[in-house]
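Report on one structure; see the data block that follows.
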2 protein chains.
Amino acid sequence: MTVSTKDRILAVTEDLFGQHGFSATTLRDVTDRAGVNLASVNYHFGSKEALFMEMLRRRIEPINRKRIELLDEALRRSGGAPLSLEAIWDAILRPLGEAVTTTDGFDEKFLRLISQSLVERNEFFETAHQQFFTEFKERFSPELARSLPKMDPQEMTWRVYFSFSAMLGAIIQHQKIGRWFPFLENRGNVDNMIDRLINFIVAGLTNSRVGEVPNREEAEVRS
Amino acid sequence: MTVSTKDRILAVTEDLFGQHGFSATTLRDVTDRAGVNLASVNYHFGSKEALFMEMLRRRIEPINRKRIELLDEALRRSGGAPLSLEAIWDAILRPLGEAVTTTDGFDEKFLRLISQSLVERNEFFETAHQQFFTEFKERFSPELARSLPKMDPQEMTWRVYFSFSAMLGAIIQHQKIGRWFPFLENRGNVDNMIDRLINFIVAGLTNSRVGEVPNREEAEVRS
DNA sequence: GTCTATAGAACGATAGAC
DNA sequence: GTCTATCGTTCTATAGAC
């Protein structure tokens, strides 16, 4: 099967963007590595920015589509009743896990791509990501609220923010996990990590010490 | 009081690096904004990389120094007994909070700087950050283990990883918090956020469902 | 649709006067 | 220690032949 010039450019762009980011990746790097001509980028995509946007869009949109599918499916099975937090976060995390999983376990390349896209500071990237996130957040936030009906909305919003932070931080920092914790087992098993991450997040979300701040003097020595 | 050319270059470098990263920031941007000559960068710092390293080093090192000071102080007060998780995470988070706090509340500029430095992919940056983190992690990890003596080491390492992820994710994503959650109160109050983050992390760390993975079918409907 | 060739601008770094 | 001027390189983008 033949791979089109366009697809080869996109594949190489993903690699280099994941490794070096937008500014540090030049079109010459891309075209040289892809074995295509420099001018082909502008022919197929129009500009460097448009190329990078297309590369990002075609990876992220399917993930969010799948997330919403899983959420709808769970709601169908529950007959519309509030879902468990585990089910909600499973719908959020599992499609991401599938996207980064290959037969060899973690696809570090793809994880770097997602990571880099999350922290890219170019304005047009930020606008795109804002859109990606907003669509999916507006679908999930009400479900989280339904599953935690007694929680103060402000308290819940903070916790949801920390939950997303934990998820995104775990992705962004994942390349460092081996250097931080060299003896950590199973770090190539994405499903295992997601299971553990769901546990961590649900514990943080359901923490009973609502808004309570430990007294620093008294809290010093653990009972 | 006069501000030296060197200091003005460093100050502007912080701003621009926080906003655009290393590659997208040019020396001309820096020197133009600082009102100094282009050649002064190479005179004072030697190269673009050396300038950015010096800028980063002088901001991060004091934070880690303060963290270890706070930990030692807490241990002195406890007479060497294991600390509460709250006390440990207070020592980790509070110096960061102080560093980003000005009289106007959150110093978004500094938060962006830290955030950008965490995700910068240049090799010399990564090596430096690895060193910054390792020093401080090797001091704190044993204390966390002493405070959670009954926990399986593998389980604990995963949770500590998620805790750091939540912390770093909260910093990295902080610029987006207002767009994600427009009605969130207190988001300019760094001490308040840190208090809440400590609660979230401690709940995740002490979660009783050790290594237990919810059955996805049964977990679907929240009781 | 793919190529060569190049325009036009911006880059990091440095030489050398003051 | 600060300046001007500039070197040599590299960048995105495009014109135009095939």
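This is a predicted model, so every value here is computed, not measured. Every chain is numbered from 1 and lettered A, B, ... according to where its sequence line falls, protein lines coming before strand lines.
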List the residues meeting side chain to side chain donor-acceptor pair (under 3.5 Å) with [X], not counting sequence neighbours, and say none if there are none.
{"X": "B:Asn64", "result": "B:Arg67"}
{"X": "B:Arg146", "result": "B:Glu143"}
{"X": "B:Arg65", "result": "none"}

> Can any side-chain N or O of A:Arg187 pair as donor or acceptor with the backbone N or O of A:Leu184 at less than 3.5 Å?
Replying inline: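 Here the side-chain-to-backbone pair exists.
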> Taking only residues at least two apart or on different chains, which pairs with a member in residues 16-26 of chain B satisfy side chain to side chain donor-acceptor pair (under 3.5 Å)?
Replying inline: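 Those involving residues 16-26 of chain B are B:Thr26-B:Asp29.
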> Tell me, which pairs form a side chain to side chain donor-acceptor pair (under 3.5 Å) where one or both residues lie in residues 38-55 of chain A, sequence neighbours left out?
Replying inline: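 Every side chain to side chain donor-acceptor pair (under 3.5 Å) pair that includes a residue of residues 38-55 of chain A, provided the two are not neighbours, is A:Glu54-A:Arg57.
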>> Contact list please: residues 14-22 of chain B against DNA chain C, heavy atoms, distance less than 4.0 Å, in numerical order.
In response: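 Within residues 14-22 of chain B, no residue comes under 4.0 Å of DNA chain C.
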>> With salt bridge (charged side-chain N to carboxylate O under 4.0 Å, His left out) as the rule and sequence neighbours excluded, what pairs involving residues 126-139 of chain B come up?
In response: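 Sorted pair list: A:Arg179-B:Glu126, B:Asp72-B:Arg139.
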> With sequence neighbours left out, which residue pairs that include part of residues 47-75 of chain B fulfil the ring pair (Phe, Tyr, Trp, His ring centres under 6.0 Å) condition?
Replying inline: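 Qualifying pairs, neighbours excluded: B:Phe17-B:Phe52, B:Phe22-B:Phe52.
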> What does the inter-axis angle of the helix from C:dG1-D:dC18 to C:dC18-D:dG1 come out as, five pairs per end, nearest 10 degrees?
Replying inline: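 Nearest ten degrees gives 0° for this helix.
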List the atom pairs, with distances to 0.1 Å, where a side-chain N or O of residues 108-119 of chain A and a protein N or O form a donor-acceptor pair under 3.5 Å, not counting sequence neighbours.
unit_1, atom_1, unit_2, atom_2, d
A:Ser115, OG, B:Arg121, NH2, 3.2
A:Ser117, OG, A:Ile114, O, 2.8
A:Ser117, OG, A:His129, NE2, 3.0

> Can you give one letter per nucleotide of nucleotides 2-18 of chain C, going 5' to 3': B for a protein heavy atom under 4.0 Å from the base, S for sugar-phosphate only, - for none?
Replying inline: BBB------BBBB----
> Who pairs with A:Ser163 by side chain to side chain contact (heavy atoms under 4.5 Å, CB included), at least two apart in sequence or on another chain?
Replying inline: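 A:Ser163: side chain to side chain contact (heavy atoms under 4.5 Å, CB included) contacts with A:Trp89, A:Ile201, A:Leu205, B:Phe200.
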